Undergrad: 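Got a structure for you, written out below as structure tokens; questions coming shortly.
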Amino acid sequence: MSFPLLTATAALPAIGAVVTAAVPAARRNAAKSLALVFSLATLALAIVVLVRFDPDGGRYQLTESHSWIKDFGVRYELGVDGIGVALLALTALLIPFIILAGWHDADPLETGSKRWRPTQGFFALILAVEAMVIISFEATDVFLFYIFFEAMLIPMYFLIGGFGDRAHEHGEEAASTQRSYAAVKFLLYNLVGGLIMLAAVIGLYVVAGNFSLTEIAEARANGTLDMATNTERWLFLGFFFAFAVKAPLWPLHTWLPNAMGEATTPVAVLITAVVDKVGTFAMLRFCLQLFPEASKWATPAILVLAVISIIYGALLAVGQRDIKRLVAYASISHFGFIILGIFAMTSQGQSGATLYMVNHGISTAALMLVAGFLISRRGSRLIADYGGVQKVAPVLAGTFLIGGLATLSLPGLAPFVSEFLVLVGTFARYPAIGIVATFGIVLAALYTLVLYQRTMTGPVKPEVSAMPDLRPRELVVVAPLIVLLIFLGVYPKPVTDIVNPAVKQTLSDVHKKDPQPEVEAAK
């Protein structure tokens with residue numbers, strides 16, 4: 001029996017969470033170091049998975065399959081395709097940076113105070129989320145996926161509600177109330193989506209007789225499992241609703257600005273750069289593979305919702321006064337592009353959407369983490385409280401600018417390639433939708449450049465005149481992300497080579513081919 005590499009990759013952060021949580025309260029620095037070590041070890045295992053994965057090999061690789069709940073046909077089945085392995089690597093890459101960035105976010109609230117924030121719990125919860133996200137990218141049993149899709153809500157609830165941002169304009173008591181509201185809203189939205197999905201999972205079992213993604217998809221393809229049209233559509237809607245909440249897609253998005261605004265900056269990055277990717281990933285893996293005809297039936301409506309997300313999120317980002325909420329609404333716009341690419345039903349669109357998931361994770365992490373370093377220095381999230389920062393902290397301002405330019409998809413930075421592919425793939429089949437979506441790029445330039453202008457340029461405000469530049473720990477967090485943004489912007493081939501074969505197989509599941517360009521015959 002070969003070494004269970006996928007299980008080990010998910011189990012290592014889970015073990016790390018338990019070990020970190022068990023560290024005595026007085027040894028909080030040891031807890032931080034342990035969490036960082038376990039996250040780096042998980043990254044090393046993810047690199048092994050990446051190296052062993054063969055893009056030209058079978059669809060699902062490094063597979064594991066064991067009987068679990070035999071009476072109900074539930075199996076412990078894992079396997080990764082190119083899309084899953086790319087997002088697994090992204091998750092493992094970002095968690096060490098999230099831990100480093102949040103190194104002091106769970107320290108005591110006051111110097112010498114006996115009121116300890118549970119430092120060990122903070123880092124243990126981050127590792128627990130990592131474990132659940134990774135196994136969600138690996139699971140090929142629908143029920144197994146559902147368990148971890150829902151279970152990750154618990155540690156996220158405590159991370160949002162228990163460890164909020166200290167930079168609150170109305171004081172600690174108001175901040176506590178807002179944190180509780182944001183955490184409950186996050187939990188309720190996602191629980192409702194999960195309960196609807198549970199009904200669809202049970203319905204799928206009644207129709208198919210098992211929960212194996214590979215077996216059900218194969219039976220659908222060879223005609224041995226024939227779902228009634230209405231049944232397939234209802235099941236699709238049950239799955240899609242849960243994934244659209246997680247993504248999030250308009251109008252199910254309203255929990256995200258609250259959660260990102262009230263959470264600590266590293267937890268905000270964890271939400272939008274890691275956890276939310278499970279929703280868009282699941283649309284590709286489960287909606288399109290299990291319900292191909294229903295996916296095509298729902299495509300026009302989903303494309304309209306995606307375009308609304310793009311424009312609506314960008315417009316609201318333009319009008320924000322709060323830096324973190326601005327990034328949250330920008331992310332809603334970006335997730336609209338990802339979903340647009342998925343349901344454009346072209347190889348360029350879906351390749352671009354998958355690449356966008358990776359690039360958005362890196363660019364949002366870079367921008368949000370630098371914004372968090374800025375906010376921690378000034379103690380305010382309000383854009384109006386800044387000005388002239390580039391004159392006193394040029395490195396901080398420079399990295400903030402690069403992160404912002406990546407967010408607006410500047411050519412030469414990683415998100416440009418993915419956004420371009422999404423738009424090309426959409427234009428090929430739905431030109432009107434593609435034209436409207438393009439306005440999102442213009443709005444992205446507006447909210448990004450206005451944010452930079454108001455915070456970094458102009459006269460130096462007295463409150464920021466003594467602001468220190470990035471410290472060595474902060475540079476260690478930001479510099480690799482900036483390097484990746486530039487590298488993947490110039491040379492995205494390492495990622496596209498991994499995801500393209502999986503995208504082609506997913507496109508074949510819905511029996512779609514790329515539209516052929518119309519070329520006039522030579523006269």
Side-chain angles (χ1 to χ4, degrees), residues 81-83 217 220-221 229 232-233 236-237 239-240 243-244 247 249-250 279-314 332-360 409 415-444 492 495-496 499-521:
D81 60 0
I83 300 168
R220 296 302 312 274
T229 299
E232 180 177 348
R233 290 178 179 179
F236 168 86
L237 290 174
F239 276 75
F240 181 80
F243 302 152
L249 177 68
W250 184 91
T280 47
F281 162 80
M283 291 178 190
L284 278 166
R285 172 165 281 192
F286 295 100
C287 287
L288 269 59
Q289 286 190 52
L290 294 175
F291 315 111
E293 296 306 317
S295 296
K296 290 188 286 188
W297 162 76
T299 288
I302 294 172
L303 291 179
V304 170
L305 293 177
V307 169
I308 293 174
S309 286
I310 292 169
I311 304 301
Y312 173 86
I332 291 169
S333 181
H334 296 150
F335 276 104
F337 276 109
I338 293 170
I339 296 169
L340 183 69
I342 292 171
F343 285 91
M345 299 295 183
T346 60
S347 58
Q348 299 99 327
Q350 292 187 355
S351 292
T354 306
L355 188 60
Y356 212 139
M357 291 185 226
V358 175
N359 292 338
H360 174 263
S409 299
F416 169 76
V417 181
S418 43
E419 198 163 283
F420 177 77
L421 286 173
V422 166
L423 290 174
V424 167
T426 305
F427 273 117
R429 201 179 292 278
Y430 304 100
I433 293 287
I435 290 170
V436 177
T438 305
F439 285 99
I441 302 175
V442 179
L443 293 171
V495 181
T496 56
V499 304
N500 281 346
V503 163
K504 291 179 181 178
Q505 290 171 323
T506 302
L507 202 58
S508 69
D509 289 335
V510 290
H511 312 294
K512 283 281 190 178
K513 295 182 179 179
D514 287 330
Q516 297 299 314
E518 297 180 7
V519 181
E520 292 187 13

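If you're wondering where the values come from, they're calculated on a predicted model, not measured in any experiment.
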Undergrad: Got a donor-acceptor contact below 3.5 angstrom from the Glu232 side chain to the Ala294 backbone?
TA: yes

Undergrad: When you look at His360 and Phe337, which way does the ring pair (Phe, Tyr, Trp, His ring centres under 6.0 Å) test go after all the steps?
TA: CA-CA 11 Å; His360 174 263; Phe337 276 109; over 10 Å; no

Undergrad: Between Ser295 (side chain) and Cys287 (backbone), is there a donor-acceptor pair under 3.5 Å?
TA: yes

Undergrad: Does the side chain of Ile83 reach to within under 4.5 Å of the side chain of Thr506, using non-hydrogen atoms?
TA: yes

Undergrad: Enter the distance from Ile435:CD1 to Tyr430:OH here, rounded to the nearest 0.5 Å.
TA: 15.0 Å

Undergrad: Looking only at atom types and distance, does a side-chain atom of Ser351 sit under 3.5 Å from a main-chain N or O of Gln348, one as donor and one as acceptor?
TA: no

Undergrad: Compare every heavy atom of Gly440 with every heavy atom of Ile311, then report the nearest pair and how far apart it is.
TA: CD1-N, 3.7 Å

Undergrad: Looking only at non-hydrogen atoms, find the nearest pair between Gly82 and Val499 and report the distance.
TA: O-CG1, 3.8 Å

Undergrad: Kindly determine whether Arg285 and Asp81 satisfy side-chain contact (heavy atoms from CB on, under 4.5 Å), including the steps that lead there.
TA: CA-CA 9 Å; Arg285 172 165 281 192; Asp81 60 0; 3.4 Å; yes

Undergrad: For Val417 and Pro492, work out which heavy atoms get closest and say how close.
TA: CG1-CG, 3.8 Å

Undergrad: Looking at side-chain heavy atoms only, is the closest gap between Gln350 and Met345 below 4.5 Å?
TA: yes

Undergrad: Would you check if Thr496 and Leu355 make a side-chain contact, meaning some heavy-atom pair closer than 4.5 Å?
TA: yes

Undergrad: Measuring from Ile342:CD1 to Thr354:OG1, what's the distance to the nearest 0.5 Å?
TA: 7.0 Å

Undergrad: Given Thr280 and Phe243, is the side-chain contact (heavy atoms from CB on, under 4.5 Å) satisfied, shown in steps?
TA: CA-CA 7 Å; Thr280 47; Phe243 302 152; over 6 Å; no

Undergrad: Distance from Trp250 atom CH2 to Ile310 atom CD1, nearest 0.5 Å?
TA: 13.5 Å

Undergrad: Is it true that a side-chain atom of Thr346 and a backbone atom of Gly425 form a donor plus acceptor pair closer than 3.5 Å?
TA: yes

Undergrad: Evaluate Phe420 against Ile441 for side-chain contact (heavy atoms from CB on, under 4.5 Å), listing each step before the verdict.
TA: CA-CA 10 Å; Phe420 177 77; Ile441 302 175; over 6 Å; no

Undergrad: Could you state the interatomic distance from NE2 (His334) to CD (Glu419), rounded to the nearest 0.5 Å?
TA: 6.5 Å

Undergrad: Are side-chain heavy atoms of Met357 and Leu284 found at a separation under 4.5 Å?
TA: yes

Undergrad: Can you list everything that forms a ring-ring contact (aromatic ring centres under 6.0 Å, His included) with Phe240? Sequence neighbours excluded, please.
TA: Phe236, Phe343

Undergrad: For Leu443 and Ala314, work out which heavy atoms get closest and say how close.
TA: CB-CB, 3.5 Å

Undergrad: Which pair of non-hydrogen atoms, one from Leu421 and one from Gly352, has the smallest distance, and what is that distance?
TA: CB-CA, 3.6 Å

Undergrad: Within the structure provided, determine whether Thr229 and Glu293 are in side-chain contact (heavy-atom separation under 4.5 Å).
TA: no

Undergrad: Which atom pair, heavy atoms only, marks the closest approach of Tyr356 to Ser409?
TA: OH-OG, 4.2 Å

